[in-house]
Amino acid sequence: MPTPLVVHDVAKTFTMHVRGGVRLPVVENVSFSLKTGECAVLGGPSGVGKSSILKMVYGNYAVDTGEIIVKHRDALIDVARADPRTVLSIRRETIGYVSQFLRVVPRVGALDIVAEPLVERGMPRDAARERASVLLARLNLPERLWHLPPATFSGGEQQRVNIARGFITDHAVLLLDEPTASLDAVNRQVVIDMIEEKKTAGVALLGIFHDADVRERVADRMVDVSAFAPARAA
Amino acid sequence: MNIASYNFAYLDEQTKRMIRRAILKAIAIPGYQVPFASREMPMPYGWGTGGVQVTAAIIGPNDVLKVIDQGADDTTNAVSIRAFFQKVANVAVTTKTGDASIIQTRHRIPEKPLGQGQVLVYQVPIPEPLRFLEPRETETRKMHALEEYGLMHVKLYEDIARHGRIATSYAYPVKVEGRYVMDPSPTPKFDNPKMHMSPALQLFGAGREKRIYAVPPFTDVVSLDFEDHPFEIQTFTEPCALCGSTGVYLDEVILDDRGGRMFVCSDTDHCEECRDEH
Amino acid sequence: MSTDTIEDAPLLKVAGVSKFYGSRIGCENVSFELWPGEVLAIVGESGSGKTTLLNCMATRLNPSSGTVYYRMRDETFRDIYRMGEAERRLLMRTDWGFVHQNPADGLRMTVSAGANVGERLMAVGERHYGEIRASAIDWLGRVEIAGDRVDDEPRAFSGGMRQRLQIARNLVTRPRLIFMDEPTGGLDVSVQARLLDLLRGLVGELGLSAIVVTHDLAVARLISHRMMVMKDGRVVEHGLTDRVLDDPQAPYTQLLVSSILQV
């Protein structure tokens with residue numbers, strides 16, 4: 001089975017220069033890989049570095065040592081060393097990300113926020129909006145909200161906009177950071193179904209799920225992040 | 001007063017040479033404003049000190065001088081300058097356009113077509129056509145050098161936007177020999193077409209601003225415009241009330257306090273000549 | 001950004017650019033490449049050299065050393081400091097734009113909005129009043145200024161409108177590269193948000209490359225792909241915008257990021 005993502009021997013430490021150069025080791029020796037059509041779940045207590053790993057894979061956090069190899073446009077690229085343009089290109093085409101919180105853009109309506117990744121990839125705006133509206137309807141976001149900027153939405157509404165935006169593309173790798181945290185049972189089930197469909201479509205998913213029930217139902221494999229705890233950490 | 005106490009034509013010979021060098025350079029680069037060391041003249045700025053210096057530099061004992069002010073030979077400015085050159089150069093003067101070898105003018109071109117060998121000397125208050133929108137001289141000189149004339153059309157654009165047509169009716173900018181944009185001095189735009197391919201030499205002197213420029217004989221002079229708002233000259237519905245001429249530039253003359261008025265030729269010599277013919 | 005930018009060439013190549021004012025450093029040894037469709041934010045506090053650097057690249061200042069190569073429309077790279085002045089000025093008013101912090105510096109305040117937008121078109125030889133005016137109204141619309149304001153002078157406009165007018169004036173010739181110096185600097189917060197959103201949309205829609213100087217990290221996050229942090233004339237950190245803001249490495253960047261007020 002193809003392996004679109006390999007994380008090899010990655011380590012990350014925060015150096016807090018504003019606090020006198022205090023060094024906070026986060027993880028080390030992080031090694032795992034992701035196969036197509038599977039959903040791997042990062043496990044371990046909170047504060048163990050699960051989100052940091054997702055952010056490193058997405059290029060949002062710097063990587064101190066190690067490699068994060070992703071198959072992008074038929075080439076193997078190390079996200080940890082890639083230049084900003086390449087990271088953006090990877091995000092546009094290969095790695096999708098559903099963050100925990102929606103970063104709202106002033107004045108842009110929910111439908112356009114969801115459609116944007118498709119528009120960026122060259123799809124005509126009307127077609128992209130069509131696809132976006134299908135997803136928003138499936139996630140039960142009331143239609144009267146579609147054209148409003150989500151700044152004033154509730155946490156659950158914002159989260160569904162975020163999920164739709166992350167799921168709308170056919171990225172080969174999809175990172176999920178607590179996508180169901182603020183959802184009710186009905187919408188949680190929708191997201192679980194959507195994850196199953198991504199798996200069937202051959203997408204490799206890497207997620208963090210606080211909710212044990214959701215975790216049980218989507219996880220094909222657990223990656224225990226506690227095992228990557230730095231040796232010197234307490 | 002003893003005429004001998006003046007050098008011929010008032011200016012000393014070194015000054016005349018300096019001005020002639022500027023004139024030659026101006027002729028060599030049609031439409032380009034050549035700086036020159038403008039002298040104090042025995043008249044205030046605004047009374048034609050630039051034109052007078054140019055005339056003084058080119059006039060010879062055999063020249064015949066005509067001076068007009070808004071087309072008329074008999075207004076103060078014209079009379080004074082004519083008297084000035086009679087006194088300091090002792091040259092023959094005339095009011096007849098056809099008889100003159102040098103015509104100094106303030107803001108008109110005579111109606112009678114000029115011929116080869118004649119020189120038209122314009123008095124120019126502000127020589128820089130770009131100044132309206134760009135007050136910095138360093139910048140306007142650069143714009144001329146690099147042929148950046150978009151700004152000229154901005155001015156015309158504003159005219160149309162405000163008035164529905166190009167409302168600029170005098171000092172209407174022209175492009176000379178396809179290169180320099182030039183201010184033709186505050187002549188009515190009615191006269192612009194007369195500058196184009198004129199057999200006469202046209203010299204422009206700005207005394208206060210210390211610039212001389214020229215349009216040599218048979219030079220291309222094109223008034224700027226837009227494709228959909230082409231350059232047009234003023235037209236008059238009535239003929240001249242005195243001589244009956246049509247197709248000439250007319251002045252409005254107020255006759256009384258009850259709104260009575262008439263339109264007469266601005267070119268007095270032309271008007272007289274027409275009346276003599278009838 | 002279009003999808004096929006990985007293999008093509010950068011638009012601007014800046015190598016070792018320094019500017020000294022006597023013994024004082026304006027900016028020192030700055031190198032980077034800007035790619036088509038990319039927005040680079042240069043951040044730092046007042047006096048960090050960010051505006052000096054911007055002016056060096058926009059040929060408003062001559063650097064003391066270094067080179068700036070620009071990819072012309074004919075695909076040749078040209079050293080912008082070795083171009084003749086005529087060619088450089090033509091480049092600046094056709095293929096480049098410059099948005100000043102104070103709109104009055106970039107607008108002609110005494111001519112109408114339409115003439116402000118139309119000037120660049122007239123400068124490159126457009127001579128049809130009706131078409132120039134139609135383009136002006138179209139561009140006013142794109143920057144959300146009503147067409148019936150086309151004959152008003154910018155003096156009658158609010159600060160936000162003036163800034164949008166300045167942007168329209170720059171974009172009318174469809175430039176490929178825009179320099180912006182604190183484009184939201186003097187504006188109210190709500191007006192800023194509108195302008196940023198507009199800029200973000202136009203940059204994406206037109207595939208513009210832009211170099212934006214700002215001291216406002218929120219502005220940088222919203223519109224830039226990549227960020228360069230400057231301090232005392234030197235680049236202290238440079239990278240993907242969200243990486244620099246979410247995981248700053250340099251001590252100065254950490255200080256800058258931790259100094260943002262949260263709302």
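So that the names make sense, note that chain A is the first sequence line, chain B the second, and so on, each numbered from 1.
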### Query
Can you tell me how far CG of A:D83 sits from NE2 of C:H238, rounded to the nearest 0.5 angstrom?
9.5 Å

### Query
What residue among C:L240, C:T241, C:D242 forms side-chain contact (heavy atoms from CB on, under 4.5 Å) with A:P84?
C:L240

### Query
Taking 4.0 angstrom as the limit, do C:D247 and A:K12 come out as a salt bridge?
yes

### Task
Using heavy atoms and a sub-4.5 Å threshold, report which of residues 171-180 of chain A line up against chain C, by residue number.
none

### Query
Between C:L255 and chain A, which part of the residue has a heavy atom less than 4.5 Å away: side chain, backbone, both or neither?
both

## Note on the structure
Of C:R194, C:Q249, C:R226, the largest count of non-hydrogen pairs under 4.5 angstrom with chain A goes to C:R194

### Query
Using non-hydrogen atoms only, which part of A:R91 is less than 4.5 Å away from chain C: side chain, backbone, both, or neither?
side chain

### Task
Check each atom of A:Y58 against the heavy atoms of chain C and say whether the ones under 4.5 Å are side chain, backbone, both or neither.
neither

#### Entry: CZ/C:F77: more than 12 non-hydrogen atoms of other groups inside 6.0 Å
yes

### Query
Where the side chain of C:Q254 meets the backbone of A:T15, is there a donor-acceptor pair that is under 3.5 Å apart?
yes

### Query
So does C:D74 have more than 12 non-hydrogen atoms from other groups sitting under 6.0 Å from CG?
yes

#### Entry: Distance (rounded to the nearest 0.5 Å) between A:R107 CZ and C:R200 CZ
11.5 Å

### Message
As an exercise, state the distance from OG of C:S258 to NE2 of A:H17, rounded to the nearest 0.5 Å.
### Response
11.5 Å

### Query
Counting heavy atoms not belonging to A:K71, are there more than 12 under 6.0 Å from its NZ?
no

### Query
Where on A:V18 is there a heavy atom nearer than 4.5 Å to chain C: the side chain, the backbone, both, or neither?
both

### Query
What pairs with C:S46 under side-chain contact (heavy atoms from CB on, under 4.5 Å), at least two apart in sequence or on another chain?
none

### Task
Taking atom CZ of A:R19 as the centre, report whether more than 12 heavy atoms of other residues, nucleotides or ligands fall under 6.0 Å from it.
no

